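Starting from 1, each residue takes its place in the sequence as its number. Computed from a predicted model, the values in this text were never measured in an experiment.
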Amino acid sequence: MHRISFVNGEFVTHEKAFVHIDDRGFLFADAVYEVILYYKNRLIDFDLHIARLRKSLQLIKINNFDVSDAKIKEIILELFAQNNLNTGSIYLQITRGNSPRNLTLPKNIEPTFIATVSPVKSSLTEETLVSIKVMTDIDMRWSNCNIKSVGLLASLLAKQKAIDLGFSDTVMVRDGFITEGTFSNLFIVDQNSTLITRGLDNYILGGITRERLLKLAQLNNICVEEREFSVDELYNAREAFLTSSTIGIVPISSVNDKTIGDGQIGNIVTKLLKLYLDFISMD
Ligand code: PMP
């Protein structure tokens, strides 16, 4: 069966899913995106993802994207149906649109809107946790990481550096404090079993999985702190893990070859995976 994607109002075979070379997403990364998990025929936290997408659009001043939330949902569900997937991820991207290369923001151009679905393989589909080794590196990204911008080169290079050095990912550090993973948020559990993650600011993306896990933790009497934490606090944590809509929850066994806790998958992360799986499986 052909993979089907969506480009500017049309469902097209993936091989024919094109945008123009004048598209400002292509020329300048003048675009934002969103990724949502579809789990056993349910779209997870759609409203939170769409609110974040609209916030990102507002922050980069794309003010004329006029597809309603209901229409976006209809397109997404249609894509999963046409691709015969009951679990996967949906990638949505909106660019400012096509216009001859111009450094000022053009007015009155139609935004480009594309959507495509992919299968996911993560703790959410396998329903088990597998831990990874990460390294730290300086956060080389811009200062608007709260915008879900498609300008991801710094993140791609940071992740590739980790892989080339034999790690799975990079945890980024700004001014001595951890920001986040290259494509995920980072949590630690300290020696008092407190769950800690950086508070929302312009140096991290406000992850929807992060937000959901914080709520689930609080509802289940896990002590939570949203605050900056240092590389030393990460080294001394009892548990550490990354979160995102597609990877789910990924425990970290070591950072720069320093073992986290006893190197085994911890109790809190195991409990949180169970709570999260219950949440996404809920009718
Ligand atoms: N931070 C960054 C930089 C990301 O790219 C992502 C994944 N989109 C996340 C955090 C996690 O966000 P979410 O839980 O909404 O997938």
Side-chain angles (χ1 to χ4, degrees), residues 34-52 76 80 85-90 119-132 134 148 168-169 171 178-200 204-227 229 233-234 236-255 260-283:
E34 196 51 56
V35 180
I36 313 176
L37 176 68
Y38 187 65
Y39 186 75
K40 299 184 179 165
N41 294 311
R42 289 183 60 243
L43 211 40
I44 307 303
D45 275 331
F46 174 77
D47 293 348
L48 296 178
H49 282 278
I50 293 302
R52 181 172 68 184
I76 295 173
F80 280 111
L85 274 179
N86 62 17
T87 293
S89 67
I90 176 85
V120 288
K121 197 168 182 295
S122 70
S123 58
L124 302 171
T125 47
E126 307 285 305
E127 307 196 0
T128 54
L129 290 165
V130 177
S131 63
I132 59 164
V134 302
K148 202 160 167 59
S168 295
D169 206 347
V171 162
I178 302 288
T179 54
E180 57 185 338
T182 49
F183 294 95
S184 54
N185 292 113
L186 178 68
F187 287 76
I188 58 172
V189 177
D190 74 5
Q191 296 300 331
N192 301 317
S193 298
T194 301
L195 183 64
I196 303 167
T197 194
R198 187 182 175 104
L200 294 181
I204 65 167
L205 181 75
I208 305 303
T209 320
R210 171 192 177 282
E211 192 173 333
R212 181 55 62 194
L213 281 186
L214 286 174
K215 286 204 180 99
L216 289 172
Q218 277 157 341
L219 284 172
N220 288 277
N221 302 318
I222 297 171
C223 200
V224 166
E225 280 179 20
E226 284 180 76
R227 62 163 175 85
F229 56 94
E233 283 184 275
L234 171 58
N236 294 321
R238 192 183 278 172
E239 301 180 33
F241 59 93
L242 299 171
T243 64
S244 88
S245 300
T246 49
I247 63 171
I249 300 175
V250 175
I252 293 172
S253 57
S254 67
V255 178
I260 300 299
D262 59 7
Q264 304 300 311
I265 292 168
N267 293 336
I268 302 253
V269 71
T270 304
K271 182 168 174 187
L272 285 170
L273 177 67
K274 185 174 178 317
L275 290 170
Y276 192 60
L277 281 170
D278 287 349
F279 169 76
I280 64 178
S281 310
M282 200 166 65
D283 284 326

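- Note that CD1 of I90 and CD1 of I44 are 14.0 Å apart. Values are rounded to the nearest 0.5 Å.
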Under the side-chain contact (heavy atoms from CB on, under 4.5 Å) rule, what do Y38 and S89 come out as? Steps first, then yes or no, please.
CA-CA 6 Å; Y38 187 65; S89 67; over 6 Å; no
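- Looking at H49, its side chain does come within 3.5 Å of a backbone N or O of V35 through a donor-acceptor pair.
- Distance alone, capped at 3.5 Å, is enough to place a donor-acceptor pair between the N185 side chain and the G207 backbone.
- In this structure, CE on M282 lies 5.5 Å from CZ on R42, to the nearest 0.5 angstrom.
- Taken to the nearest 0.5 Å, the CD1 atom of I268 stands 12.0 Å off from the CD1 atom of I188.
- How far CD1 of I249 is from OG1 of T243: 7.5 Å, rounded to the nearest 0.5 Å.
- Heavy atoms only, all atoms of each residue included: S253 and G263 are closest at CB-O, 3.8 Å.
- Using modelled atom types, one side-chain atom of E239 and one backbone atom of V269 make a donor-acceptor pair closer than 3.5 Å.
- Two residues are said to be in side-chain contact when any heavy atoms from C-beta on lie closer than 4.5 Å; L195 and L272 meet this criterion.
- How far CZ of R238 is from CG of N192: 7.5 Å, rounded to the nearest 0.5 Å.
- Put simply, the side chain of D190 gets close to the backbone of S193: a donor and an acceptor are under 3.5 Å apart.
- Residues forming a side chain to side chain contact (heavy atoms under 4.5 Å, CB included) with S244 (at least two apart in sequence, or on another chain): S184, T246, I247.
- T197 places a side-chain N or O within 3.5 Å of a backbone atom of L186 that can act as its donor or acceptor partner.
- The closest donor-acceptor contact from the side chain of S168 to the backbone of V134 lies at 3.5 Å or more, if one exists at all.
- A salt bridge links E127 with K40; the closest basic N to acidic carboxylate O contact falls under 4.0 Å.
- The side chain to side chain donor-acceptor pair (under 3.5 Å) pairs that include a residue from residues 262-276 are K274-D278, where partners are two or more places apart or lie in different chains.
- A heavy-atom distance below 4.5 Å is not found between the side chains of V224 and T194.
- Between L242 and F187 there is no side-chain heavy-atom pair separated by less than 4.5 Å.
- Judged as a side chain to side chain contact (heavy atoms under 4.5 Å, CB included), and not counting sequence neighbours, D47 has no contacts.
- In this structure the side chain of F279 reaches within 4.5 angstrom of the side chain of L216, judged on heavy atoms.
- Of all the heavy atoms in R212 and L48, the pair that sits closest is NH2-CD1, 3.9 Å.
- Contact annotation: the side chain of F229 approaches that of I178 to within less than 4.5 Å [non-hydrogen atoms, C-beta and beyond].
- Not counting sequence neighbours, the partners of T179 by the side chain to side chain contact (heavy atoms under 4.5 Å, CB included) test are D139, R141, M172, R174, R198, Y203, I204.
- Within the 4.5 Å cutoff, the side chain of V250 has no heavy atoms near those of the L129 side chain.
- With hydrogens and angles disregarded, a donor-acceptor distance shorter than 3.5 Å links the side chain of R52 to the backbone of G206.
- With hydrogens and angles disregarded, a donor-acceptor distance shorter than 3.5 Å links the side chain of T209 to the backbone of S245.
- L124 and L277 make their closest contact through O-CD2, 3.8 Å (heavy atoms, listed as atom of the first residue, atom of the second, distance).
- Counting only heavy atoms from C-beta outward, the side chains of L213 and F241 approach each other to under 4.5 Å.
- Looking at heavy atoms from C-beta onward, I36 lies out of side-chain contact with D45 at the 4.5 angstrom threshold.
- K121 pairs by the side chain to side chain contact (heavy atoms under 4.5 Å, CB included) definition with E126, not counting sequence neighbours.
- Residues satisfying the side-chain hydrogen bond (donor to acceptor under 3.5 Å, both in side chains) test with Q218, not counting sequence neighbours, are none.
- The CG atom of L43 lies 7.0 Å from the CZ atom of F80; values are rounded to the nearest 0.5 Å.
- Considering every non-hydrogen atom in both I252 and I260, the closest pair reads O-CB, 3.8 Å.
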